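Right, one structure below, let's go through it.
What you see is a predicted model, and the numbers here were worked out from it, not measured in a lab. Any value given below was found using the heavy atoms of this structure, including those in side chains, with hydrogens, waters and symmetry copies removed. Reminder, nothing fancy here: chain letters follow the sequence lines and each chain counts from 1.
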There are 2 protein chains.
Amino acid sequence: MAGLKQVQRQTGVALWRQIADRIREAIGTGAYDETGMVPPETVLALQFGVNRHTVRSALAALAQEGIVRAVQGRGTLIERKERLNFPITRRTRFTAGIGDQARETRGLLLDEAREGASAEVARWLGLKPGEQVVRLETLRHADKRPVSKATSWFPAARFAGIGEAYRKHESITKAFAELGLSDYVRATTEVTAAHASTADLADLELTPGAILLIAKAMNTDLDGVPVQYSISRFAADRVQFTIEN
Amino acid sequence: MAGLKQVQRQTGVALWRQIADRIREAIGTGAYDETGMVPPETVLALQFGVNRHTVRSALAALAQEGIVRAVQGRGTLIERKERLNFPITRRTRFTAGIGDQARETRGLLLDEAREGASAEVARWLGLKPGEQVVRLETLRHADKRPVSKATSWFPAARFAGIGEAYRKHESITKAFAELGLSDYVRATTEVTAAHASTADLADLELTPGAILLIAKAMNTDLDGVPVQYSISRFAADRVQFTIEN
DNA sequence: CTAAAATGTCTATTGATATAGACAACCATA
DNA sequence: TATGGTTGTCTATATCAATAGACATTTTAG
């Protein structure tokens, strides 16, 4: 376990960033749970085969993220360590999915627009390109920390008031209910990963280089008619998905 | 579509690498299918808001990967374009999942070991920690390109010869069949994303900073008894997962 | 109280990254 | 064959990333 951890040079990714990513991951998997601290800078420098200053740059980045806190004379303490689990099933819902993993969840409506459906959106919602849809940009929190940012499209003919309803209830499920849709199911989910865009970095309180888990999902009513297509971006170091079959 | 594409400075990730990643992704999603070429260097430089030399560094990296080929006087041609789709269902199998997306698939056995189950492995396989398991490290190709690397554990009592059988058939499904297990189902799948380790980078022919989609999966026989626990790492820019409910 | 161990700060040097400008070489086509 | 558009090459400069060493400051343990 204490073997030589490797980093690669001249790849366009700074060593301090590679090291920061490794340490963040190690914290997430509980590697330092016994002490609650990161190993000393000199030890890390030896393990990664780099200068102590390079390790310090990595730790400074993690401190900026609020993951660790350095205390002179003592060491570098782990402040935060979290990874929420999201079950993806036929009955996937954001708030219910978090369940007892957080005490308080919120849903913030960042933007609402009525627009013509793009080819992609039209295909998923079973519309013709250009047909009117409502687009919502939402940001979801768990215990006051941003967890995911989502862009959702709804057929405008059926769900014209979805934005207002979401703003009131802070929940898609309740907004649907107010508009007369009492139940819906997850039809399909596509999962990918990518680096975050600038806008997503800011809203999700991430640092550049961070990874997103991206879920493209389509929900239908009980008759199989598409009611929502959404692209949700999750901070990869804060969540994982679980698919139960 | 021709809007300002964004890159971030002072993040520890070189601009040329960020740009290379964006272009690779754009190629993968078919953004340049009409011409079969990447836009001219001067146009890309304008779109990303960087110097032309920086774009050239990015394109050089993609050329090194064999994704594009620059031709003086004409432009930069797209050589290869790939993103495989993996359905995750109760009947998930690697080879069958690829289906007609590739002509030839191979499964290479990198390593085989018999060992005591760790706490995590024991939990998933329903064993006591320390009970004997067989661990296989496998590398799967589609059309001669590495797609995923997997670590799998099997109860040693029941599947002692799984390594030999896999080496012969290059398929878990066929190896199971040889050992008397004619059918099995996917019980649960956990999906996360992370930066690749050095070993995975090499085997999957990736550059540092590349993102992995990680699927932790547990398969059972038809009686619900666990037969396999595996951690598969996929190059995120080459694959996506689809969950149909 | 002292020593060891840990983080904090400073200076200096080297190589990688990014910008800027100029011009050569090559290709397609009018 | 002339021209415009494209990639290839060169020089120069400024900033970031990484190494190296020295020493200060703080905490913990003996």
Original post:
Given the rule in the side-chain contact (heavy atoms from CB on, under 4.5 Å) test, do A/Lys149 and A/Leu110 qualify, once you have shown the distances and angles that lead to the verdict?
Top reply: CA-CA 9 Å; A/Lys149 192 178 167 188; A/Leu110 298 180; 3.9 Å; yes
**OP:** With the side chain of B/Gln72 defined as its heavy atoms from C-beta on, choose the nearest nucleotide among C/dT19, C/dT7, C/dA25.
**Re:** C/dA25
Original post:
Could you give the CD-to-P distance, from A/Glu41 to D/dA20, as a whole number of Å?
Top reply: 16 Å
Original post:
Which residue lies toward the 5' end of DNA chain C, A/Val38 or B/Arg52, if each is placed at its nearest nucleotide?
Top reply: A/Val38
Subject >> Nearest-Å distance for atom pair CZ/C1', residues A/Arg74 and D/dT26 >> reply: 11 Å
Original post:
For B/Leu212 and B/Thr192, what are the C-alpha separation, side-chain angles and deciding distance, and is it a side-chain contact (heavy atoms from CB on, under 4.5 Å)?
Top reply: CA-CA 8 Å; B/Leu212 296 183; B/Thr192 58; over 6 Å; no
**OP:** Looking only at side-chain atoms of B/Trp16, point me to the closest of D/dA20, C/dG8, C/dA18.
**Re:** C/dA18
**OP:** Round to the nearest Å and state the distance from B/Arg17 atom CZ to C/dA16 atom P.
**Re:** 16 Å
Subject >> Trace of the side-chain contact (heavy atoms from CB on, under 4.5 Å) decision for A/Val38 with A/Leu62 >> reply: CA-CA 11 Å; A/Val38 170; A/Leu62 294 178; over 6 Å; no
Subject >> Between C1' of D/dT15 and CG of B/Asn51, the distance in whole Å >> reply: 14 Å
Original post:
Quick one: which of C/dT9, D/dT7, C/dT19 gets closest to the side chain of B/His53?
Top reply: C/dT19
Original post:
Where the side chain of B/Ala14 is defined as all heavy atoms beyond and including C-beta, which of C/dT17, C/dT7, D/dT9 is the nearest nucleotide?
Top reply: C/dT17
Original post:
Contact class for B/Ser57 vs. all strands (heavy atom < 4.0 Å): base, sugar-phosphate, or nothing?
Top reply: nothing
Original post:
Separation of A/Arg56 atom CZ from D/dG21 atom P, in whole Å?
Top reply: 17 Å
**OP:** Measure from CG on A/Leu59 to P on D/dA18 and round the result to the nearest Å.
**Re:** 14 Å
Subject >> the helix from C/dC1-D/dG30 to C/dA30-D/dT1: angle between end helix axes, five pairs per end, rounded to 10 degrees >> reply: 30°
**OP:** Could you tell me whether a side-chain N or O of A/Arg135 sits under 3.5 Å from a main-chain N or O of A/Val133, the two making a donor and an acceptor?
**Re:** no
Original post:
Is a side-chain N or O of B/Ser230 found less than 3.5 angstrom from the main chain of B/Ser232, in a donor-acceptor match?
Top reply: no
Original post:
Which whole-number value in Å describes the distance from A/Leu77 CG to D/dT26 C1'?
Top reply: 14 Å
Original post:
Nearest-Å distance, CG (B/Leu44) to C1' (C/dA18)?
Top reply: 17 Å
Original post:
Residues in side chain to side chain donor-acceptor pair (under 3.5 Å) with B/Gln132, at least two apart?
Top reply: B/Arg114
**OP:** Between A/Gly73 and A/Leu15, name the one whose nearest nucleotide on DNA chain D is closer to the 5' end.
**Re:** A/Leu15
Subject >> Phosphate-side-chain proximity, A/Thr54 and D/dA17, N/O vs OP1/OP2 below 4.0 Å >> reply: no
Original post:
Using 30° and 60° as the class limits, which term best fits the ring planes of B/Trp124 and B/Tyr229: parallel, tilted or perpendicular?
Top reply: parallel
